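Every value quoted in this text rests on a predicted model; they were computed, and no experiment measured them. Hydrogens, waters and symmetry mates are skipped; everything else that's a heavy atom, side chains included, is used.
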Amino acid sequence: MSISFNYSNAGLREGELEKVRPVIEAAYNTLKNRTGAGHEMLGWLDLCDTYDKEEFERIKAAAEKIKSQSEVLVAIGIGGSYLGARAGLEYVKGPFYNQLPNKNGVEVYFAGNNISSDYVSYLLDIIGDRDFSVNVISKSGTTTEPAVAFRIFKEKLEEKYGVDGAKERIYATTDANKGALLGLAKEMGYERFVVPDATGGRFSALTAVGLLPMAAGGVDIDEVYRGLTDATRKYENDDMMTNDTTLYAALRYIMMTKGKGVEILADYNPSLTMLGEWYKQLMAESEGKEFKGVFPTAAHFSTDLHSIGQFIQDGARIFFETVLWVEKANKEISVPNDDKDVDGLNFAAGKTLQYMNEKAMNGTLLAHVDGGVPNLIITLDELSDYTFGEVLYFFWKALGISGYALGVNPFDQPGVEAYKKNMFALLGKPGYEDAKAELESRLAKVL
């Protein structure tokens, strides 16, 4: 395994872990035995064994087809329908994957995760006259943001290739049995992939939801599944002290009881920026219920040490840090020597940037711990297709245990619907007429 967990800088008092052991191990068993709230959404627990092998092969075939006929894939989705795929592409291929030569895949861009006319216009400009395909990802097909984007890109495809040509370039990832997108896909003859019922959005990155865009972009999804499989086997151990997912959940629980209501996932590699966005959704949608939960945010060091670093060092003591550190750089580069040494940097000449980054991490760790910020460290050997499968499962398993320890259902998201109802009413969607006048009256008083 290529993931390790270090909590020696958590600032624990003697006996704290043993004190929470009964709660954490009970939560682990609730998850393992599928007896808790939302247990019907635990398909991700053994996904490496149960995922449809035929569909997995169809995903790889579709990715090859996309590569053969297009330069660009537009993946349309919101929340878990895009975060995992984008996180995977940047994690494995780097933040500049769309601009790299010899990338073994098409350029992949994401739409339907906002309602910005500028964003869509810029994306259309990037595509230009090039050949492109679309993967629309929505369990229902009626979620506003992706539905709007799909209308626009579907129209562009049909204008460019005709209706029959467009249907050969549209891939629908949706519910197996119901929904508006399923009906349209059947009617038009789009190739279809399934959003499994038992894997909610934030747990769906290693189903067709995330696998097709990643594979089209050049990620080796066989290796991703090898990492997923190894992590699944490793974290089956029910002893809190020898299972890092359980231990991480225990540390998060302890931090919450000590008034540390904010967790900062801090990385030192820009390839992890979107993984931080994925992590925020995973933790926030899963735990933020019944006025409970640890608020998740992400920071990207050393960049953010020059912005929020002051607050982390000297501000209110309301948070703890979980550092995601990558041991090995995929590509090494060293600091050159300069005879004039105008910048005074010759002390670092010959040193690799990875070495300097590690010293920055070590120095920051010591400074923040000295400043009263508990630090946990998750170390990855490297960023690869294999470790992406590992790290997603690590966070999934830890979150499931943490949510049950907290006493909430980690697998629903009732609060997400509130803004949608208001937006539908204000847009005049049929069925929301009664609420529209009231909302407009309230807005007139505050805007």
Side-chain angles (χ1 to χ4, degrees), residues 2 47-48 51 53 55-77 80-113 123 126-128 130-137 153 168-171 173 191 193 204-230 267 269-278 326 328-332 380-393:
S2 51
L47 189 64
C48 64
Y51 193 58
K53 303 301 187 294
E55 174 140 313
F56 191 84
E57 293 303 316
R58 285 203 306 115
I59 290 168
K60 291 192 289 185
E64 291 305 313
K65 180 182 175 184
I66 292 168
K67 293 177 190 179
S68 71
Q69 66 180 187
S70 295
E71 294 180 70
V72 174
L73 173 68
V74 179
I76 297 174
S81 293
Y82 96 98
L83 283 168
R86 186 168 175 187
L89 281 162
E90 295 197 10
Y91 181 105
V92 175
K93 312 292 282 186
F96 303 117
Y97 66 92
N98 277 331
Q99 286 75 46
L100 292 175
N102 305 316
K103 53 181 170 287
N104 190 34
V106 299
E107 295 177 23
V108 183
Y109 296 97
F110 294 87
N113 50 73
L123 180 48
I126 286 172
I127 297 170
R130 294 186 294 168
D131 289 321
F132 74 103
S133 298
V134 166
N135 178 203
V136 56
I137 308 159
F153 285 96
E168 295 299 319
R169 295 172 176 270
I170 296 176
Y171 302 82
T173 306
E191 184 166 3
F193 298 96
S204 66
L206 301 187
T207 69
V209 170
L211 292 176
L212 180 55
M214 285 193 286
V219 173
D220 184 341
I221 63 174
D222 286 312
E223 275 295 288
V224 172
Y225 254 66
R226 192 169 69 86
L228 172 67
T229 301
D230 287 350
D267 68 72
N269 190 321
S271 294
L272 295 171
T273 297
M274 284 308 301
L275 185 72
E277 296 303 302
W278 172 87
V326 182
K328 176 186 175 185
N330 285 333
K331 296 180 180 293
E332 281 288 12
L380 307 172
D381 282 354
E382 62 182 1
L383 297 182
S384 66
D385 318 75
Y386 174 85
T387 64
F388 184 68
E390 285 186 295
V391 77
L392 259 60
Y393 193 83

A208 and Y51 have their tightest heavy-atom pair at N-OH, 3.0 Å
Nearest 0.5 Å, please: how far is OG in S384 from CG in N330? 7.5 Å
How long is the gap from CG on L211 to CG on L206, to the nearest 0.5 Å? 6.0 Å
Here the gap from L380 atom CG to L272 atom CG, rounded to the nearest 0.5 Å, amounts to 7.0 Å
Kindly say whether D230 contributes a backbone atom to a donor-acceptor pair with the side chain of Y393 at under 3.5 angstrom? no
Could you measure the distance from the CG atom of D381 to the CD atom of E390? Nearest 0.5 Å is fine. 8.0 Å
Sorted by chain and residue number, the side-chain contact (heavy atoms from CB on, under 4.5 Å) partners of S133 (sequence neighbours excluded) come out as I66, Q69, S70, L73, R169, Y171
Does the side chain to side chain contact (heavy atoms under 4.5 Å, CB included) test come out yes or no for V134 and V74, once each step is laid out? CA-CA 5 Å; V134 166; V74 179; 4.2 Å; yes
Sub-4.5 Å side-chain heavy-atom contact between V72 and V106: no
Quick one: list whatever passes side chain to side chain donor-acceptor pair (under 3.5 Å) with E57, sequence neighbours left out. K60
Please identify each residue that fulfils salt bridge (charged side-chain N to carboxylate O under 4.0 Å, His left out) with K65, with sequence neighbours left out. E168
Got a sec, which residues hit side chain to side chain donor-acceptor pair (under 3.5 Å) with S81, two or more places apart in sequence or on another chain? none
Per the side chain to side chain contact (heavy atoms under 4.5 Å, CB included) rule, which among T207, T173, L212 passes with I59? L212
With sequence neighbours excluded, what pairs up with N269 under the side chain to side chain donor-acceptor pair (under 3.5 Å) test? S271
Tell me, please, which residues at least two apart from E332 pass salt bridge (charged side-chain N to carboxylate O under 4.0 Å, His left out). none
For a quick test of reading the model, state the closest non-hydrogen atom pair linking A75 to I137 and the distance between them. CB-CD1, 4.5 Å
Test of understanding: with side-chain contact (heavy atoms from CB on, under 4.5 Å), list the residues that count as partners of E64, not counting sequence neighbours. K67
Go through L123 and F153 one step at a time and tell me if the side chain to side chain contact (heavy atoms under 4.5 Å, CB included) criterion holds. CA-CA 10 Å; L123 180 48; F153 285 96; 3.7 Å; yes
Which donor-acceptor pairs under 3.5 Å do side chains of residues 87-95 form with protein atoms, sequence neighbours excluded?
| residue | atom | partner | partner atom | Å |
| --- | --- | --- | --- | --- |
| E90 | OE2 | R86 | NE | 3.4 |
| Y91 | OH | T387 | OG1 | 2.7 |
| K93 | NZ | K103 | O | 3.0 |

Distance-minimising heavy-atom pair for G84 and A205: CA-CB, 3.7 Å
The ring pair (Phe, Tyr, Trp, His ring centres under 6.0 Å) partners of F56 (sequence neighbours excluded) come to Y225
Can you list everything that forms a salt bridge (charged side-chain N to carboxylate O under 4.0 Å, His left out) with D131? Sequence neighbours excluded, please. none
If you count the non-hydrogen atoms of other residues, nucleotides and ligands that lie under 6.0 Å from NZ in K331, is the total more than 12? no
Output for pair (L83 CG, F110 CZ), nearest 0.5 Å, gives 9.0 Å
Point-to-point distance, once rounded to the nearest 0.5 Å, from CZ of F132 to OH of Y109: 13.0 Å
List the steps and the verdict of side chain to side chain contact (heavy atoms under 4.5 Å, CB included) for W278 and L392. CA-CA 9 Å; W278 172 87; L392 259 60; 3.7 Å; yes
Go through the structure and list residues passing salt bridge (charged side-chain N to carboxylate O under 4.0 Å, His left out) with R58, not counting sequence neighbours. E55, E191
So does V108 get a backbone contact from the side chain of N98, meaning a donor-acceptor N/O pair under 3.5 Å? yes
Quick one: side chain to side chain donor-acceptor pair (under 3.5 Å) partners of E223, sequence neighbours excluded? R226
